[in-house]
Amino acid sequence: IVIEVKPSNVLVNDTVWNVLPADILYSNGDLAIEHFAIEHNRQHIKIDGKATKSANDSITIDMQDVDVSYVLGLVNFHSVEFGGHLTGKAFVKSVFYEPDAYANLMIDSFTFEQGRLGRLDASVKWNKEGRQIDIDAHADDVNGARTVISGYVSPANNRIDLGITAEDTNIEFLKSFCGNFMDDIRAKANGKVRLHGPLNAINLTGTLVADGTTLITPVNVEYTLVNDTIRFMPDNIVFRSDTIRDRNGNIGIVNGALHHKHLSHLTYDINIATHNLLCYDTDGYGNDSFYGTAYGTGTCSIRGRGGRIDIDIDITPDKNSFIEYNATSPEAIADQQFITWHDTTMRTVYTDSTAVVLHTHRIRDNPVDAL
């Protein structure tokens, strides 16, 4: 068989790559590829060499700055999301006899579920007996942070099993699970987790201890995590009596879990017990009719289902709390369904199942006692 490849184009993940002229020859179990290459800007994949019965012959696959998502798309791997730019060489021998393959790869700006992990260096080898790809890798990040990855991926057996050791590893990837109510996750973790299961039903198990900060977007407050344990169980990420601190050092205790189906279809149930904790902090109306700062003692539950977030609060405001409401007319007040107004003999405002206690109310910048 003689194949002459003409200059042409191929579409990969909505990006056009140029195909350079090449020759491919096959005869009686021997394969030869002469200068096959596809290129896009600075990225290229070049394949050259021959595979015969001789162990001295091999086909070399040279990759330069290739987007990892392109490679995973070519092999139809979408179980979890890896990212970065791949550079390195892979070698394939005896394609039509007893196939052997190995590679030394570097992935710059390596990411897992959009969480940055630094530069990944990987040694990859085809395991003939197990019919799997064995992986031994480590990702090095700033300030000495390192993530060690060891295990295998087996498309033939539809399995993945990667052990991951975190040493001050960036856990920005958690945003992919809880981005509906968390942002700007600047935290590190230590511990061990395992990414394993059928390729179409992957789970993440193990334990990480986290330190750092994260922004809770519905209330616009940044909290600090100190030695908080995150437990990864089948289809659950669990928080048990973990402590969060506001900018003044006041604490809240978090219990609950993020629920998922093989790292997708996220739901969550989070409960927070507070003592004089900064619970709400905005400095302008924005698109809302109110803003303010609230320190509170009590409980808060956050429940997420199908893109909807329900937040139930039962908190007594503490010192230095205020809410300012933009009431341009008595009709504007009456139209707001989420507030029920009472006289000064009452202390609790009930809105459906939510109990809110207001400390001070301002109308047009004139402070008045509200409740």
Side-chain angles (χ1 to χ4, degrees), residues 5-22 24 33 35-49 59-92 101-126 132-142 145-155 158 160 162 164 169-177 179 185 195 199-200 202 204 262-264:
V5 179
K6 298 292 186 179
S8 49
N9 298 319
V10 61
L11 190 66
V12 181
N13 282 5
D14 299 326
T15 300
V16 176
W17 288 60
N18 298 318
V19 181
L20 303 185
I24 302 173
I33 301 176
H35 312 301
F36 176 82
I38 61 173
E39 299 177 338
H40 169 69
N41 293 335
R42 292 171 42 199
Q43 305 179 65
H44 72 238
I45 301 175
K46 298 179 178 179
I47 306 175
D48 197 24
I59 293 174
T60 301
I61 304 170
D62 180 10
M63 293 166 284
Q64 174 66 45
D65 204 30
V66 179
D67 194 319
V68 170
S69 64
Y70 294 160
V71 178
L72 297 181
L74 288 172
V75 298
N76 197 30
F77 181 86
H78 303 290
S79 302
V80 290
E81 183 179 343
F82 294 104
H85 292 88
L86 172 66
T87 297
K89 291 185 178 181
F91 304 90
V92 181
Y102 57 93
N104 293 305
L105 308 172
M106 185 276 288
I107 302 177
D108 195 25
S109 302
F110 178 62
T111 63
F112 168 65
E113 293 291 334
Q114 301 181 28
R116 293 167 292 182
L117 295 174
R119 166 179 159 159
L120 180 79
D121 290 281
S123 174
V124 180
K125 183 174 177 58
W126 171 248
Q132 64 195 34
I133 303 168
D134 291 339
I135 299 171
D136 186 8
H138 58 86
D140 295 309
D141 207 352
V142 296
R146 169 171 278 210
T147 307
V148 179
I149 304 167
S150 181
Y152 69 86
V153 178
S154 177
N158 191 38
I160 185 172
L162 295 176
I164 303 171
T169 296
N170 184 359
I171 55 172
E172 191 177 35
F173 71 88
L174 284 178
K175 185 178 176 180
S176 65
F177 299 100
I185 300 174
L195 185 68
L199 292 176
N200 57 347
I202 292 179
L204 194 61
H262 317 306
L263 305 184
S264 61

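What you see is a predicted model, and the numbers here were worked out from it, not measured in a lab.
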Polar side-chain atom of Thr87 near backbone of Asp65 as donor-acceptor pair, under 3.5 Å
yes
Calculate, to the nearest 0.5 Å, the distance between atoms CD1 and CD1 belonging to Ile59 and Ile47 respectively.
8.0 Å
Inter-residue atom distance Leu120.CG - Met106.CE, 0.5 Å rounding:
9.5 Å
Residues which pass side chain to side chain contact (heavy atoms under 4.5 Å, CB included) with Tyr102, listed by chain and number, not counting sequence neighbours:
Phe91, Lys93, Lys125
Atom pair CD1/CD1 of Ile135 and Ile149 - distance to nearest 0.5 Å
8.0 Å
Residue pair Val5 / Pro21, side-chain heavy-atom distance below 4.5 Å
no
Report yes if the side chains of Asn18 and Asn9 come closer than 4.5 Å at any heavy-atom pair, otherwise no.
yes
Any side-chain heavy-atom pair from Val16 and His40 closer than 4.5 angstrom?
no
Could you tell me whether a side-chain N or O of Glu172 sits under 3.5 Å from a main-chain N or O of Ile185, the two making a donor and an acceptor?
no
Start with the C-alpha gap between Leu20 and His35, add the side-chain angles, then the distance that decides, and say whether side-chain contact (heavy atoms from CB on, under 4.5 Å) holds.
CA-CA 8 Å; Leu20 303 185; His35 312 301; over 6 Å; no
Which heavy atom of Leu117 sits nearest a heavy atom of Asn170, and at what distance?
CD2-O, 3.5 Å
Main chain of Lys6, side chain of Ser8: is a donor-acceptor contact present, judged purely on distance under 3.5 Å?
yes
Can you give me the closest heavy-atom contact between Leu195 and Phe82, atom names plus distance?
CD2-CZ, 4.4 Å
Are any non-hydrogen side-chain atoms of Asp62 and His44 less than 4.5 angstrom apart?
yes
Closest non-hydrogen atom pair between Gln132 and Trp126, with its separation
O-CE3, 3.3 Å
Could you tell me the separation between the CD atom of Gln43 and the NE2 atom of His85, rounded to the nearest 0.5 Å?
5.5 Å
With rounding to the nearest 0.5 Å, note down the distance linking CD1 in Ile107 to CG in Leu86.
5.5 Å
Within-4.5 Å side-chain heavy-atom neighbours: Asp67 and Thr15:
no
Between the main-chain N or O of Thr60 and the side-chain N or O of Asp48, is there a donor-acceptor pair closer than 3.5 Å?
no
Could you measure the distance from the CZ atom of Phe112 to the CD atom of Glu81? Nearest 0.5 Å is fine.
9.5 Å
Any carboxylate oxygen within less than 4.0 angstrom of a Lys/Arg side-chain nitrogen, looking at Asp108 and Arg119?
no
Glu39 atom CD: more than 12 heavy-atom contacts under 6.0 Å
yes
Do Phe36 and Val19 touch side chain to side chain, with heavy atoms closer than 4.5 Å?
yes
For the residue pair Asp134 and Tyr152, what are the closest heavy atoms and their distance?
OD1-CB, 3.6 Å
Check whether any side-chain heavy atom of Met63 sits under 4.5 Å from a side-chain heavy atom of Leu105, and report yes or no.
yes
